[in-house]
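Worksheet: the structure to be examined is printed underneath.
Reminder, nothing fancy here: chain letters follow the sequence lines and each chain counts from 1.
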Amino acid sequence: MKIDCKPNEVARRIIQAFPREYNERDPFRVLVNTILSQRTRDENTDEASRRLFSKYKGPASIANARAEDLYELVRPAGMYRQKAERIVSVARELLKRYQGKVPSEIHKLLELPGVGRKTANIVLNVSFGIPALAVDTHVHRISNRLGWVKTKMPEDTERELTNLLEEELWGPINGSMVEFGRKLCKPRKPLCDNCPVKQCCDSYLASKNSY
DNA sequence: AAAACGGGGGC
DNA sequence: GCCCCAGTTTT
């Protein structure tokens, strides 16, 4: 039987094969966890998050902390000083401007320190259920491999995927692409043999035909 | 447009 | 030992 290779169908297959469930929806914790995850592997992110929230319970607690103390706490999990400073800064800014509550408007999120397009969109999606594409390295790499986009700029990928994928897929595709990217569609030496969508992948088909 | 942040894991 | 990682900020 033939596989439907329309992007929406391929995306649905990936989401089904690599589900990502979020056990944390609290906006502030999602925001902090997402900042912790920037350029950092999931295992380190999880450990840093446990360490952080075992000592500091919320925005006010972190806002009153010394950045240096927070840094020493999360450093064993591969976090750097700049990131600890960012988390203290964003907590203070939230307290000052929004009574410690994370806003749900994209433009307000983007004004916060340490929050860029990926982080803002993940918070919108995970915490507020607002459809938002978070184009990280996994989404960017895999979209290019599949042949959905042909660009080096993540902003271009975000714009093209917005047109390519149904709105209901914008949220779930990010988390599932991350799982997919970690388990199979790795940056180097992807495990194509076990891939559920290899028959729809430009990169796989090209490598297969090159023998 | 490119550098800097940064410890830990894969190879 | 070298390179990369759920990016963002600064130069």
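For the pair T137(A) and dG7(C), the criterion of a side-chain N or O lying under 4.0 Å from OP1 or OP2 is met. Contact between the side-chain N/O atoms of T119(A) and the OP1/OP2 oxygens of dT8(C) is found at a separation under 4.0 Å. Using a 4.0 Å cut-off, no side-chain N or O of T34(A) falls inside it from OP1 or OP2 of dA6(C).
Counting only N and O atoms by type, the side chains of N125(A) and N174(A) include no donor and acceptor under 3.5 Å apart. In summary, the side chains of K55(A) and S61(A) do not present any donor paired with an acceptor at a separation below 3.5 Å, with no hydrogens or angles considered.
Among the atoms of the strands shown, base atoms are found under 4.0 Å from some heavy atom of R86(A). If you check every strand for non-hydrogen atoms under 4.0 Å, V139(A) touches nothing. Nucleic acid contact class of N33(A) (heavy atoms, under 4.0 Å, all strands): none. Within the 4.0 angstrom heavy-atom criterion, no nucleotide atom of any strand lies near F180(A).
Across dC11(B) and dA6(C), the matching P atoms stand 14 Å from one another, rounded to whole Å. Rounded to the nearest Å, the gap between the P atom of dC4(C) and that of dA4(B) is 16 Å. Distance check on atom P: dC3(C) versus dA3(B) gives 14 Å, rounded to whole Å.
Shown here are the side chain to side chain donor-acceptor pair (under 3.5 Å) partners of E168(A), two or more places apart in sequence or in another chain: R12(A).
Comparing V115(A) and Y22(A) by the nucleotide of DNA chain C that holds the closest heavy atom to each, the one mapping nearer the 5' end is Y22(A). If you find the closest nucleotide of DNA chain B to K83(A) and to K186(A), the one lying nearer the 5' end belongs to K83(A). Take the nearest nucleotide of DNA chain C for L112(A) and for V178(A): the residue whose nucleotide is more 5' is V178(A).
Cation-pi geometry between R145(A) and Y204(A) is not met at under 6.0 angstrom from the ring centre and within 45 degrees of the axis.
As rounded to whole Å, 7 Å separates atom P of dA6(C) from atom CZ of R141(A). For M153(A) and dA2(B), the CE to P distance is 10 Å, given to the nearest whole Å. We find that CZ of R39(A) is positioned 15 Å from P of dT9(C), with the value rounded to whole Å. When rounded to the nearest whole Å, the span between CG of L124(A) and C1' of dA6(C) equals 15 Å. Rounded to an integer number of Å, the gap from N44(A) CG to dC4(C) P is 17 Å. Spacing between atom CD of Q82(A) and atom C1' of dA3(B) amounts to 11 Å, rounded to whole angstrom units. Going from atom CG of L109(A) over to atom P of dT8(C) covers 12 Å, rounded to whole Å. At whole-Å resolution of the value, CZ in R182(A) and P in dC4(C) are 18 Å apart.
Residues K183(A) and E179(A) are paired through a salt bridge, judged by an N-O separation under 4.0 Å between the basic side chain and the carboxylate. At a threshold of 4.0 Å, the pair K118(A)-E158(A) does not count as salt-bridged, since none of the basic side-chain nitrogens sits closer than that to a carboxylate oxygen.
For Q16(A), the CD atom is loosely surrounded, since the number of other residues' heavy atoms within 6.0 Å does not exceed 12. Other residues, nucleotides and ligands contribute over 12 non-hydrogen atoms within 6.0 Å of the NZ atom of K57(A).
Sulfur-sulfur distance for C201(A) and C192(A): not below 2.5 Å, with no disulfide indicated.
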| task | Report the C-alpha distance between L161(A) and S143(A) in whole Å, list the side-chain angles of each, state the deciding distance to 0.1 Å, and finish with yes or no for side chain to side chain contact (heavy atoms under 4.5 Å, CB included). | result | CA-CA 9 Å; L161(A) 288 188; S143(A) 296; 3.6 Å; yes

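One N or O donor and one acceptor, one from the side chain of R41(A) and one from the base of dC4(C), sit under 3.5 Å apart.
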| field | Watson-Crick and G-U pairing of DNA chain B written in dot-bracket, each distance under 3.5 angstrom, with | for inter-strand partners | value | |||||.|||||

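Within residues 53-76 of chain A, the residues that have a heavy atom under 4.0 Å from DNA chain B are, in order of number, R75(A), P76(A).
Using cut-offs of 30° and 60° on the angle between ring planes, the pair F53(A) and F28(A) is perpendicular.
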